[in-house]
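Worksheet for the structure shown next.
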There are 2 protein chains.
Amino acid sequence: MSLFPQQLDLLVRRIEVRAPLSETERGVLARAFDPQLVTTGARRDLVREGDRPTRSTLLLRGFAVRYRVLDNGRRQITALHVPGDFIDLQSFPLRLMDHSVGTLTECVTATAPHASLQRILETSPRLTLILWTLTILDSAVHREWIVAMGAMQAIEHAAHLICEIYLRLKVVGLAEHNRFPLPVTQADLADTLGISAVHVNRVLQELRKAELIRFENGVVEILDWEGLAKTGQFDDKHLHLGNEDDATAQRLPA
Amino acid sequence: MSLFPQQLDLLVRRIEVRAPLSETERGVLARAFDPQLVTTGARRDLVREGDRPTRSTLLLRGFAVRYRVLDNGRRQITALHVPGDFIDLQSFPLRLMDHSVGTLTECVTATAPHASLQRILETSPRLTLILWTLTILDSAVHREWIVAMGAMQAIEHAAHLICEIYLRLKVVGLAEHNRFPLPVTQADLADTLGISAVHVNRVLQELRKAELIRFENGVVEILDWEGLAKTGQFDDKHLHLGNEDDATAQRLPA
DNA sequence: CGTCAGATTGAGCAGCTTCAACGTATGTGG
DNA sequence: CCACATACGTTGAAGCTGCTCAATCTGACG
């Protein structure tokens, strides 16, 4: 009645960037999930705006996005999720989904009933803080996206996004050196960056011409990290990859 | 050694939109704050990017903004805070500030030492969930801003923002019927909406010409709520103003 | 081989920017 | 009390970024 260790591994890595987990805690976390995994095809919804989920979903394999569709038909992606991310942990404290989550690729997910999270809340302050922190990291990324959308040009924004995804994938061991999967179409990028698909195409061409990246068949290769980070004015501070940032490690030793 | 009830009132109202608080809980919350309040002048920083606060700040009076300044000198505001909002509750789980918070007007604040929040985390699952929920509401607003920035025109975005601020002020009793203070300059709005101050001016003129709002001397009057909400494609779902949205009320009765 | 999703290109256009000037209210020192 | 400074709002004009529309190209797949 619990997740296998290797299935929990990506989440554990994300957490342990900041705070070590004890064996007991890993066990509690593993038992919070339903043992059976769910596989969902590409381009399907995992949760829909208006839903009131009774369980939260952890992404184990594949890429997913949070999005909203406006009256005018435009879709805006508000978050891009990679393996190891909870895609709707916020539905535990706040049940009503105010946005949808859809898959980009085929995805494998594990689900944790809210009742299990409730138990963690009532019995483990440390794990509670860890879960809370995960939602706060989402927030920090959201803010960074607002900055990028509001104050950067399209090409800078695109460079910024690529830097962010690269580091996030690296944390969970899914990026090789300067190379990582990004299985999204230019239309998806358009809905993420808030620009048209045509313009995405031109921006990507510029990034290629500047020899900052290659991007073919859903794989990004970063040719010049320095240049890319500079173009995107990228600073990894908001990803909080250093363990001295975090209260869990300092105030609640494992 | 605790905040006066009326000083806590705005926060309590925000919380009780979704979940009732017991007298005991109010007491615990009140005692989490330092008794003395702090007054900060207009256009000063309350917290700075790079800081590692040891206490979290509750805004009692005045308006404040979260923001980041880019290399190119552009300032992007990522959140606008009104009385009753925590401006840096996330610094409890994640110490390093990845953005700054500044005042727009003179502000009165109360501070809660992280040690007090720690005590709440260790002793009161229900209050912990409530605090967690407050940070998650910030997240929901962030996502809505991403949608507005990415998929709306400037005039729609502006209308959307005004709708949002109006409802948030109403919750804490700071908006009269269709009328509320918005002590920001057009340059502030520019940094919020991610457009130039000149264009803000033109957008406001359009909103006035369409007889949707008046906006003089830092006071907004909504002349046509329906029209404004339609223009801004505004839906209050993401503000989670209904108590059936929330887990606290349902699973952890006071 | 035809079909389809996705990428690419060109051309004209719209939204928003920048620069610069000017208006208006408020405050301040002489 | 006036001269001047300062902050904020308003207006016009020119230009750039990114959009829309439409056509073409490419590769995968049945």
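Owing to the predicted nature of the structure, the values given are computational and were not obtained by experimental measurement. So that the names make sense, note that chain A is the first sequence line, chain B the second, and so on, each numbered from 1.
- Proximity of A/L59 to A/V82: side-chain heavy atoms (C-beta onward) are nowhere separated by under 4.5 Å.
- In this structure, B/M152 atom CE and D/dG18 atom C1' are separated by 19 Å, rounded to whole Å.
- Atom CG of A/N217 and atom C1' of C/dA5 are 14 Å apart (whole Å).
- Heavy atoms of B/R208 sit under 4.0 angstrom from primed sugar atoms or phosphate atoms, though from no base atom.
- For B/Q205 and D/dG9, the shortest distance from a side-chain N or O to OP1 or OP2 is not below 4.0 Å.
- Heavy atoms of B/S196 sit under 4.0 angstrom from at least one base atom.
- Counted by atom type alone, B/H142 and A/R143 present one or more donor-acceptor pairs between their side chains at under 3.5 Å.
- Put simply, CG on A/D188 is 8 Å from P on C/dA7, counting in whole angstrom units.
- For the pair B/E206 CD and D/dT11 P, the computed distance is 13 Å after rounding to whole Å.
- Not a single donor-acceptor pair, N or O on each side, falls under 3.5 Å between the base of C/dG15 and the side chain of B/R202.
- Dashed line: the shortest gap from a side-chain N or O of A/N201 to OP1 or OP2 of C/dT8 is under 4.0 Å.
- Candidate nucleotides C/dG10, C/dT17, D/dG18 were compared by shortest atom distance to the side chain of A/Q153, and D/dG18 ranks first.
- Spacing between atom CD of A/E156 and atom P of D/dC16 amounts to 17 Å, rounded to whole angstrom units.
- Atoms NZ (B/K209) and C1' (D/dT10) sit 14 Å apart, rounded to a whole Å.
- Backbone-only engagement by B/A154 is indicated by non-hydrogen atom pairs under 4.0 Å involving sugar-phosphate atoms exclusively.
- Remark: C1' of D/dC25 and CD of A/Q186 are 13 Å apart, rounded to the nearest angstrom.
- Atom CG in A/L189 sits about 12 Å away from atom P in C/dG6, given to the nearest Å.
- A side-chain donor-acceptor contact under 3.5 Å links A/D45 and A/Y67.
- For A/R75 and A/D191, the salt-bridge test passes: some basic side-chain N is under 4.0 Å from an acidic carboxylate O.
- B/S139 and A/D138 form no side-chain donor-acceptor contact under 3.5 Å, judged by distance and modelled atom types alone.
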